[in-house]
Amino acid sequence: MKKLLQIESIITLNNASFRTILTLHFLLFLLVIYVFTQIDITAPGFSTKNMFMFPHVWEIYAWIASWFNLLFLGLIIIVLTGNEFNYKTVRMQIINGLSRNEFLSGKLLIIFFMAIWAALIVFLSSIITGLIFTKDISIQLILDKSYMILIYFFQAIAYMSFALMVAVLFRSNALSIIMYLLYFIMIEPLTRLFFPKVVRPYFPVKVMSDLTPVPEFLSITSNSTETGGNNILDFDSIGLFQKALPLHLSLIMGVFYTILFIAISYWIIKKRDF
Amino acid sequence: MNEVIQISNLSKRYKKIIAIQNLSFSVKKGQVYGILGPNGSGKTTTLSILTGIIHKDSGSFQWFGKDPTPDSLKRIGTLIETPNFYPYLTLYQNLKIIAQIKSCSYSDISRVLGITNLLTRKHSKFMTLSMGMKQRLGIAATLLGDPEVLVLDEPTNGLDPEGIAEIREIIINQAENGKTILIASHILGEVEKVCSHVAILKEGKVISEGSVHALLSGDEIIHIITKKQDEFMEALVREGLVKTIEKVDDEIVLSLTKGSSSGDLNEFAFKNGFVLEKIEVSKQSLESQFLELIK
């Protein structure tokens with residue numbers, strides 16, 4: 001474990017692409033939430049500022065950050081893993097005595113620590129924003145929905161595990177990035193259309209993205225006392241988005257897919273000639 | 001257990017192409033064992049299987065008398081084809097990764113960089129190195145942790161004569177220090193100078209194997225000048241002393257049958273009244289042996 005951590009830290013921390021993408025991830029996320037917090041549309045019974053109050057800020061920021069998981073963290077994993085094949089350093093590691101299992105474990109360690117990094121950013125920015133915008137703060141209010149950070153952390157791992165599988169499968173950075181994005185944008189959404197509605201929420205991308213579902217903006221921005229706390233104005237109810245699986249089921253399916261992605265990656269690495 | 005590597009009926013095919021077929025040989029401790037063969041004969045495939053980067057189809061092999069594991073590879077220094085390192089890392093950082101894998105001290109990095117004359121470039125990025133330097137770094141990496149065995153695939157690939165001489169010297173020094181070395185090459189002069197034993201591969205099969213000395217001493221080439229050329233040639237053939245015999249200009253060039261020596265030839269000439277004005281013995285080079293074998 002310590003050995004793998006040291007190896008991966010040498011490989012990643014000295015990699016300019018890794019540092020650049022991670023910095024971009026951090027700065028763009030801050031920029032986006034800064035821009036969001038500057039939006040101030042207030043009307044009787046409606047305020048965009050509600051989005052940045054506890055407890056809504058947790059789900060809003062987790063949802064915004066989930067796009068960064070998909071784009072930046074997934075791409076980092078593809079680049080780091082793809083480099084091992086492009087530079088043939090996977091051979092170098094194996095011939096010197098690193099097992100194929102350890103090679104994969106090293107990449108999983110990167111995934112784990114990057115997910116912690118991403119969750120930490122969302123956690124800190126949510127705390128700071130929540131403290132600034134919430135008027136009547138209580139521990140109860142802060143903790144409510146804070147579990148979204150854990151779910152966000154898990155979602156980051158799921159996205160990056162998928163990226164790892166794609167990188168191991170295609171080996172070329174360019175092809176992997178294209179296939180990774182195509183799968184999210186086109187392949188799965190189109191494939192889902194050929195299946196009955198009841199099956200569609202069980203597809204991997206759908207499951208992963210539903211872990212941090214689109215927040216119920218209308219009910220959040222509306223004064224909750226006026227809507228009676230019922231989600232009568234949420235996007236599901238007005239038919240904008242297909243209803244997601246219940247959170248616990250999304251989590252179970254997410255765990256299943258993450259294990260599947262890692263197992264497929266392991267199988268490919270185990271079987272492949274380098 | 002004196003055998004460092006034991007290979008038994010190893011086979012590998014790439015779709016329809018047979019890379020190696022029922023390959024068997026063993027390398028004993030302290031041997032410098034050369035695998036010779038033309039391009040595509042299966043040298044790299046063999047070494048790649050032995051070092052775990054490709055899977056065998058059938059057969060078996062053992063390292064140090066045991067089935068191979070990643071741990072057995074930590075006792076071996078390997079360079080397969082071109083050296084593979086992270087281009088954006090320095091020499092020191094690249095070797096730190098290998099030191100971590102092999103669980104050896106970082107202090108050994110300076111030692112191996114010193115052996116390969118790369119100490120002054122310790123903090124240069126790998127991508128800034130010349131071809132020769134990259135190859136030397138590959139050799140440095142194999143020496144990290146002072147392994148018992150070196151596996152080198154075309155270690156002088158792409159090097160200039162000076163670079164070749166440097167690498168050869170390093171290999172000879174390591175052999176003198178008692179390391180077992182398995183080296184694949186198609187540069188025969190190289191193998192002849194470095195190796196104690198050799199296996200010659202053709203189309204994935206071992207077609208000859210043994211000590212370099214035995215392989216080279218098997219066919220002594222003898223050049224003779226005598227006044228009675230034709231009579232002497234007939235007498236030699238009648239006596240069954242020669243394996244090959246021909247006239248080249250004013251000389252008779254021959255090779256003796258197994259068990260015969262140039263002394264026997266001289267004695268035969270004396271007893272039969274042939275005066276030999278010249279008798280010169282030269283050993284057949286590995287190159288000519290090799291070319292004859294792979295015909």
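A, B, ... follow the sequence lines: proteins, then strands. Residue 1 opens every chain. Basis for what follows: all heavy atoms, side chains included, without hydrogens, waters or symmetry-related copies.
Across D273(A) and H55(B), no two heavy atoms sit closer than the pair OD1-N, 2.7 Å. Considering every non-hydrogen atom in both L98(A) and I101(B), the closest pair reads N-CG2, 3.5 Å.
Interface remark: R100(A) contributes side-chain atoms only to the contact with chain B (heavy atom separation under 4.5 Å). Looking at I98(B), only its side chain comes within 4.5 Å of chain A, counting heavy atoms on both sides. In this structure, chain B has no heavy atom under 4.5 Å from any part of L4(A). Looking at I49(B), there are no atoms closer than 4.5 Å to chain A (heavy atoms on both sides), in backbone or side chain. With a 4.5 Å cut-off on non-hydrogen atoms, E102(A) does not touch chain B at all. Interface remark: N15(A) contributes backbone and side-chain atoms alike to the contact with chain B (heavy atom separation under 4.5 Å). With a threshold of 4.5 angstrom between heavy atoms, K12(B) approaches chain A through side-chain atoms but not through N, CA, C or O. For L89(B), the part sitting under 4.5 Å from any heavy atom of chain A is the side chain, from C-beta outward, and nothing else.
Between the CD atom of Q100(B) and the CD atom of Q6(A) there is a distance of 4.0 Å, given to the nearest 0.5 Å. Between N94(B) atom CG and M92(A) atom CE the span is 5.5 Å, to the nearest 0.5 Å. The distance from the CG atom of N96(A) to the SG atom of C104(B) is 9.5 Å, given to the nearest 0.5 Å. Between the CD atom in Q93(B) and the CG atom in N14(A) there is a gap of 4.0 Å [rounded to 0.5 Å].
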Stepwise, does the side-chain contact (heavy atoms from CB on, under 4.5 Å) test hold for Y87(A) with Y88(B)? CA-CA 10 Å; Y87(A) 303 148; Y88(B) 57 86; 3.8 Å; yes
Between K88(A) and E81(B), is the salt bridge (charged side-chain N to carboxylate O under 4.0 Å, His left out) condition met? List the steps. CA-CA 11 Å; K88(A) 294 188 177 177; E81(B) 292 177 318; 5.2 Å; no
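In this structure, the side chains of Y86(B) and I11(A) come closer than 4.5 Å at one or more pairs of heavy atoms. Contact annotation: the side chain of I53(B) approaches that of I95(A) to within less than 4.5 Å [non-hydrogen atoms, C-beta and beyond].
The candidate from T51(B), N84(B), L73(B) with the greatest count of non-hydrogen atom pairs under 4.5 Å with chain A is N84(B).
Other residues, nucleotides and ligands contribute at most 12 non-hydrogen atoms within 6.0 Å of the CD1 atom of I17(B).
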